[in-house]
Amino acid sequence: MTEEVEIKEGLQGVYIAKSSISKVNGEEGKLYYRGYKIEDLAEKSTYEEVCYLILYGKLPNSKELDSFSNELKKERILSDETIEIIKRMSKKAHVLDTLRTAMSSISADDPEPYSSEEEKNVHKAVKIIAKTATISAAIGRVRKGKDIIPPDDSLGHAKNFLYMLTGEKPDNKKAKLMDVMFILHAEHSSNASTFAALVACSTLADIYSAVVAGEAALKGPLHGGADEAAVKMMQAIGEPGNTEKYINEVLASKEKIMGFGHRVYKAYDPRARILKKYLDEIDGNGEEEVNKLVKIALNTEKIMVDRLGKSHGIWPNVDFFAGPLYMHLGIEPELFDVIFSSSRTVGWCAHVIEYWRNNKLFRPLEEYDGALDLEYKPINER
Ligand code: SDX
């Protein structure tokens, strides 16, 4: 008599470890990185400072921040092999497939990809964060048939990313918005891609392999791919006046509205609330297409919050408003997921480093419900 087992689909509600990196309060819609409110970090910090906070567990003083920022700058450059991979793959492969392959090539340049020493892994994390941003921008350039632009070390992380991607140094307003996008996507506890990275590192695979696992998981539209899917939905709606009809049809066919709902947040995602403020700022002073997308996004939000917010706990998440804001920065929808991945690299690395302090191989169970002890018949009797 086999005992009754309880299967937790998708590991819903299952705690896998203790962590002090971020706190996601799903009931109240609150998010903290190392104890600091996401609202304060988005308004007052920079991605470099947030990376230091997430990796080292405390805000840096100015000397520490300068040294950390300089290490990031030093690591931005890509090898010829990595550039060759980006050039060969970017015209035909999905951006995250190219990113994953380029990431693997970075580990080939490291004589000791796996280390048991935390300090070495933190420096590997800095290298991965810096190079992933350069790879992401390079993929964006090659996709459009343009030359890759090398990093400009006079610029901070966000400004340099936009410069490498667009060829122009952005004004401070756009650079701040890019910085906020990086900060808001940097870390989010044990989401699917971070969990994938943890499963990989729990076998004592190296930190590069763990990041590649995270990138693979992030690709799907239920996770990192939602921001691109959400903006493609807005483009399909076409005109603000079509919004309600479109939403009704999607909901009637039991499909999902991308950028809404969350496994943990049963309240408004605090990151979406921050992004909505920036959306209000560009409303009307973006390009024609972006202005229309902003109106459609705000219409969709109102309909969905009225329809499924309080009653079903389905609220906008970080991916919903991101699209029109990225397009305002000159970023095409197909590139959104790489930017999410570039930003989240710090979260993946920090969780891997923290998990290794008390490593335990992940090996969950399945309840077998197939046949047993079948007789093996020779092929001419089957
Ligand atoms: C991210 O985990 C993280 O922290 C992720 C993330 C991070 O920073 O790492 O926050 C980033 O990935 C945000 C989520 C991006 N994905 C999307 O926006 C895709 C659309 N959302 C849904 O696919 C869904 O909400 C999930 C996958 C995000 C969460 O789904 P769950 O918790 O597995 O819940 P479910 O799919 O079982 O839905 C429960 C019910 C269902 O209805 P019933 O079958 O019970 O009648 O809610 C409905 C769903 O149909 N529902 C939706 C909906 N999301 C859930 N209905 C319409 N539109 C939606 N978006």
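Both ligands and their constituent atoms are indexed starting at 1 by order of listing. Quick note: residue numbers are just sequence positions, from 1.
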> Which of the numbered atoms in ligand 1 are below 4.0 angstrom from a heavy atom of Ala226?
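Matching atoms, with element in brackets: 15 (C), 16 (N), 17 (C), 18 (O).
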> Is the ring pair Tyr268/Trp315 parallel, tilted or perpendicular, if the boundaries are 30 and 60 degrees?
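Tilted.
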> Check ring-ring contact (aromatic ring centres under 6.0 Å, His included) between Tyr355 and all other residues, then give those that pass, not counting sequence neighbours.
Phe362
> Nearest to atom 29 (C) of ligand 1, what protein heavy atom do you find, and at what distance?
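Protein heavy atom with the smallest distance to atom 29 (C) of ligand 1: Arg263 N, 3.8 Å.
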> Taking N or O atoms only and a 3.5 Å limit, does Leu251 qualify as a polar contact for ligand 1?
no
> Just need the protein heavy atom nearest to atom 48 (C) of ligand 1, so name the residue and atom and give the distance.
Ile314 CD1, 3.7 Å
> Among all protein heavy atoms, pick out the one at the shortest distance from atom 20 (C) of ligand 1; state its residue, atom name and that distance to 0.1 Å.
Phe260 O, 3.3 Å
> Report the member of Gly10, Gly259, Gly261 with the shortest heavy-atom distance to atom 28 (C) of ligand 1.
Gly261
> What residue and atom, counting heavy atoms only, is the protein's closest point to atom 58 (N) of ligand 1, and at what distance?
Ile257 N, 3.0 Å
> Should Val294 and Tyr278 be regarded as members of a common hydrophobic cluster, given that ILVMFWY residues are connected when their side-chain heavy atoms come within less than 4.5 Å of each other, either directly or indirectly?
yes
> Give yes if a backbone or side-chain nitrogen or oxygen of Met258 is under 3.5 Å from a nitrogen or oxygen of ligand 1, and no if not.
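Met258 vs ligand 1: no N/O contact under 3.5 Å.
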> Is the closest N or O pair between Lys266 and ligand 1 shorter than 3.5 Å?
no
> Same cluster or not: are Leu325 and Leu293 linked, directly or through other Ile, Leu, Val, Met, Phe, Trp or Tyr residues, by side-chain heavy atoms under 4.5 angstrom apart?
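Yes, same cluster.
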> Of the protein's non-hydrogen atoms, which lies at the shortest distance from atom 4 (O) of ligand 1, and what is that distance?
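Minimum-distance protein heavy atom for atom 4 (O) of ligand 1 reads His188 ND1, 2.6 Å.
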> Does the protein place any heavy atom closer than 4.0 Å to atom 60 (N) of ligand 1?
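Answer yes: something from the protein, a heavy atom, is under 4.0 Å.
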> For ligand 1, which is the ligand I care about here, please tell me if Gly224 has any N or O atom under 3.5 Å from one of the ligand's N or O atoms.
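By distance alone, the answer is no.
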> Which residue and atom name correspond to the protein heavy atom nearest atom 5 (C) of ligand 1, and how close is it?
His262 NE2, 3.6 Å
> Quick one: do Phe260 and Leu222 end up in the same hydrophobic cluster if we chain Ile, Leu, Val, Met, Phe, Trp and Tyr together by side-chain heavy atoms under 4.5 Å apart?
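No, because Phe260 and Leu222 fall into different hydrophobic clusters, even though each may have its own neighbours under 4.5 Å.
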> As a check for students: among Lys256, His223, Glu9, identify the option with a heavy atom nearest to atom 54 (N) of ligand 1.
Lys256
> Pull out every atom of ligand 1 sitting under 4.0 Å from any heavy atom of Leu222, numbered as shown with elements.
12 (O), 14 (C), 15 (C), 16 (N), 23 (O)
> Around atom NZ of Lys87, are there more than 12 heavy atoms from other residues, nucleotides or ligands closer than 6.0 Å?
no
> What residue and atom, counting heavy atoms only, is the protein's closest point to atom 1 (C) of ligand 1, and at what distance?
Asp319 OD2, 3.5 Å
> So which of Gln12, Arg271, Met304 gets nearest to atom 8 (O) of ligand 1, if we judge by its closest heavy atom?
Arg271
> So Phe336 and Met327, do their side chains get closer than 4.5 Å, heavy atoms only?
yes
> Which pair of heavy atoms, one from Leu275 and one from Val318, lies closest together, and at what distance?
CD1-O, 3.5 Å
> Under 4.5 Å between side-chain heavy atoms, counting indirect links through other Ile/Leu/Val/Met/Phe/Trp/Tyr residues: same cluster for Phe161 and Phe68 or not?
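Phe161 clusters together with Phe68.
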> Does a salt bridge link Asp206 with Lys124, judged by any charged N lying under 4.0 Å from a carboxylate O?
no
> Between Val264 and ligand 1, find which residue part has any heavy-atom pair under 4.0 Å and reply side chain, backbone, both or neither.
neither
> Are Tyr265 and His188 near enough that their ring centres are under 6.0 Å apart?
yes
> Taking both backbone and side-chain atoms of Arg344, is any N or O found less than 3.5 Å from an N or O belonging to ligand 1?
yes
> Quick one: closest heavy-atom pair of Asn291 and Ile282, and the distance?
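Looks like OD1-O, 3.7 Å.
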> Considering only protein heavy atoms, determine whether one is less than 4.0 Å from atom 40 (C) of ligand 1.
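Looking at atom 40 (C) of ligand 1, one finds that no protein heavy atom lies closer than 4.0 Å.
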> Does Lys254, backbone or side chain, put an N or O under 3.5 Å from an N or O of ligand 1?
no
> Heavy-atom contacts under 4.0 Å between Pro221 and ligand 1: side chain, backbone, both, or neither?
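Under 4.0 Å from ligand 1, Pro221 contributes backbone atoms alone.
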> For atom 51 (N) of ligand 1, decide whether some protein heavy-atom distance is shorter than 4.0 Å.
yes
> Does the protein put any heavy atom within less than 4.0 Å of atom 17 (C) of ligand 1?
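Looking at atom 17 (C) of ligand 1, one finds that a protein heavy atom does lie closer than 4.0 Å.
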> Show me which atoms of ligand 1 lie under 4.0 Å from any heavy atom of Asn191.
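Every atom of ligand 1 under 4.0 Å from some heavy atom of Asn191: 2 (O), 3 (C), 4 (O), 5 (C), 9 (O).
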> Considering only Ile, Leu, Val, Met, Phe, Trp and Tyr, and joining two whenever side-chain heavy atoms are under 4.5 Å apart, list the other residues clustered with Leu365.
none
> Minimum heavy-atom separation for Val352 to Ala197, with atom names?
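In terms of heavy atoms, the two residues are closest at CG2-O, 4.1 Å.
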> Find all atoms of ligand 1 within a distance of less than 4.0 Å from any non-hydrogen atom belonging to Asn317, and give their numbers and elements.
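Listed by number with element: 13 (C), 14 (C), 15 (C), 17 (C), 18 (O).
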> Should the pair Phe182 and Tyr47 be assigned to parallel (<30°), tilted (30 to 60°) or perpendicular (>60°) ring geometry?
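Phe182 vs Tyr47 ring planes: tilted.
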